[in-house]
**Student:** 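Here it is, the structure, as structure tokens.
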There are 2 protein chains.
Amino acid sequence: MAATIKDIARVAGVSTATVSRVINNLGGYNEETEKKVMAVSKELGYRKNENARSLVQKSTNTIGVIMPDVTTAFYGDIIKGIEDTSYEYGYSVILTHAGSHGSRIHESMNLMGERRVDGLIIVSVELHESAIQSLTSLGIPYILISTKTNREDTPYMKVDDYSAAYTAVKYLIEHNHRTIGMAGANPNDPIAGVPRINGYKQALQDYGIKVDLNLIKPGGFNFESGQSAMQSFIEDDAAVTAVFCASDEVALGIISTCFENEIHVPNDISVVGYDNSKVSHMSVPPLTTVAQPLYDMGREGCFEVIAAIQNKSKIESKVIPHELVVRKSVKSLE
Amino acid sequence: MAATIKDIARVAGVSTATVSRVINNLGGYNEETEKKVMAVSKELGYRKNENARSLVQKSTNTIGVIMPDVTTAFYGDIIKGIEDTSYEYGYSVILTHAGSHGSRIHESMNLMGERRVDGLIIVSVELHESAIQSLTSLGIPYILISTKTNREDTPYMKVDDYSAAYTAVKYLIEHNHRTIGMAGANPNDPIAGVPRINGYKQALQDYGIKVDLNLIKPGGFNFESGQSAMQSFIEDDAAVTAVFCASDEVALGIISTCFENEIHVPNDISVVGYDNSKVSHMSVPPLTTVAQPLYDMGREGCFEVIAAIQNKSKIESKVIPHELVVRKSVKSLE
DNA sequence: GAGTATTACGTAAACGTTTACGTTACGCAT
DNA sequence: ATGCGTAACGTAAACGTTTACGTAATACTC
């Protein structure tokens with residue numbers, strides 16, 4: 001149906017080699033043939049077939065992105081960073097979810113392998129040994145964004161959750177909070193959960209505040225998790241004056257539940273979030289939060305992968321600096 | 001480098017045809033050869049090359065998704081619907097942005113053409129005549145989600161913005177609001193802007209309320225647009241008791257600005273949003289909003305495209321029913 | 001036991017490109 | 001006139017599959 005270079009070659013009276021040369025302007029033809037070929041090409045409505053090209057060049061100009069099963073503003077920013085960059089460098093992105101809790105991570109990686117993506121970006125999914133095996137067996141450059149493994153040789157790009165959490169809690173302490181809760185971190189998540197909890201604990205200890213495990217409400221990174229954490233604080237009659245949340249959505253869950261119970265933020269309770277995702281400046285009150293430069297992480301991570309593809313270079317892991325964005329959800333006590 | 005079916009064929013002592021048959025289990029071989037081929041395949045770490053397959057089968061099992069340049073929760077839900085469905089049917093999704101205001105829509109479509117996607121989904125971008133031309137010239141099934149064109153023959157899937165807006169405003173009127181503002185709709189956007197404005201106007205008129213153009217604050221669908229709209233209401237000293245917003249994010253902008261100015265929602269002013277995106281139930285107070293079933297729209301739109309690919313059938317446009325989700329951002333007057 | 005169906009393969013072309021290599025024709029220096 | 005370099009092509013193989021068609025062996029039918 002669609003015209004091929006053979007068709008063009010026939011109509012223009014040249015060989016396919018020449019057509020290919022002209023189309024990819026590689027030189028080696030005179031102006032007349034160029035005009036002719038271009039004209040015929042336009043006339044036949046020729047559109048090049050990337051698949052055929054990929055086959056012979058053994059590269060697809062494609063990068064794969066695997067992300068978790070959830071849709072939050074968090075991922076939107078990262079994705080945009082990735083897509084912008086790959087577009088800029090002439091790559092296409094093919095996207096897939098890893099299933100809930102990474103359940104279809106193997107399938108996803110296999111799929112990326114069959115599609116022969118030139119590079120791979122994995123966002124926020126926890127990889128176990130067998131998954132790492134599959135990953136490296138693909139033999140292509142890859143990077144993990146906002147996650148890491150327990151192995152040294154898998155490159156990642158990520159903020160230091162421990163010290164970011166520390167920063168946030170320290171900030172609360174310096175504003176004279178002494179009974180500080182924590183919400184939304186999963187103690188069974190060694191990558192994104194444990195370090196935040198540890199940062200929280202350490203900050204308390206460094207300032208001579210005893211850690212009260214009852215004030216740590218585990219959960220996921222979602223809104224509901226914040227709601228139930230706050231509910232739990234209320235039921236416990238916990239005298240928390242502040243709560244540090246493992247994500248902005250969790251923080252919104254806290255705020256929302258406070259609202260329903262006529263607890264005022266920040267007058268009655270202070271809240272600090274994590275991520276600085278889109279929602280954080282939309283909340284009431286605007287959320288003080290630890291910023292992860294999500295868009296830039298996507299952008300830079302993608303760039304690294306493309307560079308590695310083109311230069312066959314290695315990708316170095318990189319710890320992204322975090323930053324505390326002060327808005328209005330924290331009140332200084334007397 | 002990577003093993004091919006030729007390698008398998010050689011090692012297993014059979015022809016490539018047989019290998020192909022076994023791998024795609026098409027039958028026509030006995031159990032022994034099957035075992036043998038499978039074993040060798042595993043041993044060599046064979047992974048099928050989708051590109052080569054695509055070339056001969058003239059189908060890539062791929063669907064393209066083009067969306068706007070922005071990243072909001074809105075698109076996250078749609079994308080997830082699309083990705084879930086395509087995964088389910090064995091398709092991969094390749095994603096690209098259309099650039100700000102659809103600036104790179106032609107490039108995007110051309111790219112999808114070169115990648116030979118089997119079907120195309122375009123989300124929320126306005127298509128002008130030349131873009132429609134490019135689109136149809138691809139000769140593949142496609143559908144527009146949350147947008148449409150002025151031509152009858154481009155299938156879309158979308159709520160009826162006019163009547164959805166009407167529903168929302170009617171709701172406000174029935175709660176005894178008489179001075180109702182509108183925020184965040186772009187009067188130059190014939191697809192998503194104008195109908196909402198018209199629905200708003202019509203509802204007012206039907207209830208004998210005079211339309212005051214000063215109460216219509218144009219803008220985009222984003223948070224900032226809501227902020228400046230509210231700012232404007234305040235500066236105008238407009239006695240609005242309620243405002244209807246063109247999106248949830250706009251509504252949050254309104255609420256946020258109200259908060260800063262110590263205007264209480266819903267006591268002092270009622271707000272209704274549009275979309276029922278993730279953020280709507282996270283706001284304080286939870287947002288009463290017009291629901292678009294975003295995930296389902298992605299899901300169903302994708303399904304339609306796949307069905308059209310497989311049955312070579314036509315896709316019918318579909319108007320999705322909307323629904324008013326009542327939460328707590330609207331107060332009934334006396 | 002002749003004919004026919006069926007099973008289990010193999011052969012080779014095809015998909016739409018790219019590209020190494022060969023070839024011609026011409027210009028130019030010697 | 002000879003040799004050589006170069007521009008402007010063409011030829012054909014290769015990329016990794018699928019698949020129409022052919023074929024040999026076996027099983028079945030009567």
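Per chain, numbering begins at 1; letters A, B, ... match sequence-line order. Scope of the values below: all heavy atoms of this structure, side chains included, with no hydrogens, waters or symmetry mates.
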**Student:** Take atom CZ of B:Arg21 and atom P of D:dT17, then tell me their distance rounded to the nearest Å.
**Tutor:**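 After rounding, the reported distance stands at 16 Å.
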**Student:** Could you tell me whether the side chains of A:Thr33 and A:Asn30 share a donor-acceptor contact shorter than 3.5 Å?
**Tutor:**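 Result is yes, a qualifying pair exists.
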**Student:** A:Leu111 and B:Ser92: which non-hydrogen atoms are nearest, and at how many Å?
**Tutor:**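 That closest heavy-atom pairing would be CD2-OG, 3.4 Å.
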**Student:** C:dA8, OP1 or OP2 - any side-chain N/O from B:Thr33 closer than 4.0 Å?
**Tutor:**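 Looking at the OP1 and OP2 atoms of C:dA8, neither is under 4.0 Å from any side-chain N or O of B:Thr33.
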**Student:** Can you check whether B:Ser20 has a side-chain N or O nearer than 4.0 Å to OP1 or OP2 of D:dT17?
**Tutor:**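 So the side chain of B:Ser20 is outside the cut-off, no N or O lying under 4.0 Å from OP1 or OP2 of D:dT17.
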**Student:** Rounded to whole angstroms, how far apart are CZ on A:Arg53 and C1' on C:dT17?
**Tutor:**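 The distance from CZ of A:Arg53 to C1' of C:dT17 comes to 9 Å, rounded to the nearest Å.
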**Student:** Would you classify B:Thr4 as touching base, sugar-phosphate or nothing, given that sugar-phosphate means primed atoms plus P, OP1 and OP2, and contacts are heavy atoms under 4.0 Å?
**Tutor:** sugar-phosphate
**Student:** Taking A:Pro68 as the fixed residue, which of A:Ile105, A:Ile122, A:Val125 is the one that meets the side chain to side chain contact (heavy atoms under 4.5 Å, CB included) rule?
**Tutor:**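 The passing option is A:Val125.
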**Student:** Any side-chain N or O of A:Lys58 under 4.0 Å from OP1/OP2 of D:dG16?
**Tutor:**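 Checking D:dG16 against A:Lys58, a side-chain N or O does come within under 4.0 Å of OP1 or OP2.
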**Student:** Do B:Val37 and B:Tyr46 have side chains that approach each other closer than 4.5 Å (heavy atoms only, starting at C-beta)?
**Tutor:**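 They are not in side-chain contact.
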**Student:** Report which part of the nucleic acid B:Lys6 touches: base, sugar-phosphate, or nothing (heavy-atom distance under 4.0 Å, all strands).
**Tutor:**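 Since a base atom lies under 4.0 Å of B:Lys6, the category is base.
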**Student:** Rounded to whole Å, how long is the line connecting atom CG of A:Asn24 with atom C1' of C:dT19?
**Tutor:**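 For the pair A:Asn24 CG and C:dT19 C1', the rounded distance is 11 Å.
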**Student:** Check this one for me: any side-chain N or O of A:Asn30 less than 4.0 Å away from OP1 or OP2 of D:dC9?
**Tutor:**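 Indeed, a polar side-chain atom of A:Asn30 lies that close.
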**Student:** Please determine, by modelled atom types, if B:Thr147 and B:Glu126 share a side-chain donor-acceptor pair under 3.5 angstrom.
**Tutor:**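 No, because no side-chain N or O of B:Thr147 sits under 3.5 Å from a partner of the opposite role on B:Glu126.
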**Student:** Could you state the CD1-C1' distance from A:Ile8 to C:dT18, rounded to the nearest angstrom?
**Tutor:** 14 Å
**Student:** Hey, which sits more toward the 5' end of DNA chain D by its nearest nucleotide, A:Thr16 or B:Ile5?
**Tutor:** A:Thr16
**Student:** Could you tell me whether the phosphate oxygens of D:dG10, OP1 or OP2, come under 4.0 Å of any side-chain nitrogen or oxygen in A:Ser15?
**Tutor:** yes
**Student:** Does C:dG16 have its OP1 or OP2 closer than 4.0 Å to a side-chain nitrogen or oxygen of A:Asn51?
**Tutor:**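 It does not, given that no N or O in the side chain of A:Asn51 lies less than 4.0 Å from OP1 or OP2 of C:dG16.
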**Student:** Find the distance B:Asn49:CG to D:dC15:C1' and express it as a whole number of Å.
**Tutor:**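 Taking CG of B:Asn49 and C1' of D:dC15, I get 9 Å after rounding.
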**Student:** Could you check B:Leu26 against A:Val19 and say which one's nearest nucleotide on DNA chain D is further toward the 5' end?
**Tutor:**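 Whichever sits nearer the 5' end wins; that is A:Val19.
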**Student:** B:Ala17 or B:Val56: which one's nearest nucleotide on DNA chain C is closer to the 5' end?
**Tutor:** B:Ala17
**Student:** Check every strand shown and say whether A:Gly27 touches a base, only sugar-phosphate, or nothing at a heavy-atom separation below 4.0 Å.
**Tutor:**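 Touches nothing.
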**Student:** For B:Lys36 and C:dA8, what is the distance between atoms NZ and P respectively, to the nearest whole Å?
**Tutor:**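 It is 19 Å, rounded to the nearest whole Å.
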**Student:** Answer yes or no: does a side-chain N or O of B:Gln57 lie under 4.0 Å from OP1 or OP2 of C:dA14?
**Tutor:** no
**Student:** Within this structure, what is the CD-to-P distance between B:Glu114 and C:dT17, rounded to whole angstrom?
**Tutor:** 10 Å
**Student:** Between P on D:dA8 and CD on A:Glu34, what's the gap in Å once rounded to a whole number?
**Tutor:** 11 Å
**Student:** State, without any angle test, whether A:Arg47 and B:Asn110 hold a side-chain donor-acceptor pair at a distance under 3.5 Å.
**Tutor:** yes
**Student:** Go through C:dC15, C:dC9, D:dT18 for me and flag the one nearest to the B:Tyr29 side chain.
**Tutor:** C:dC9
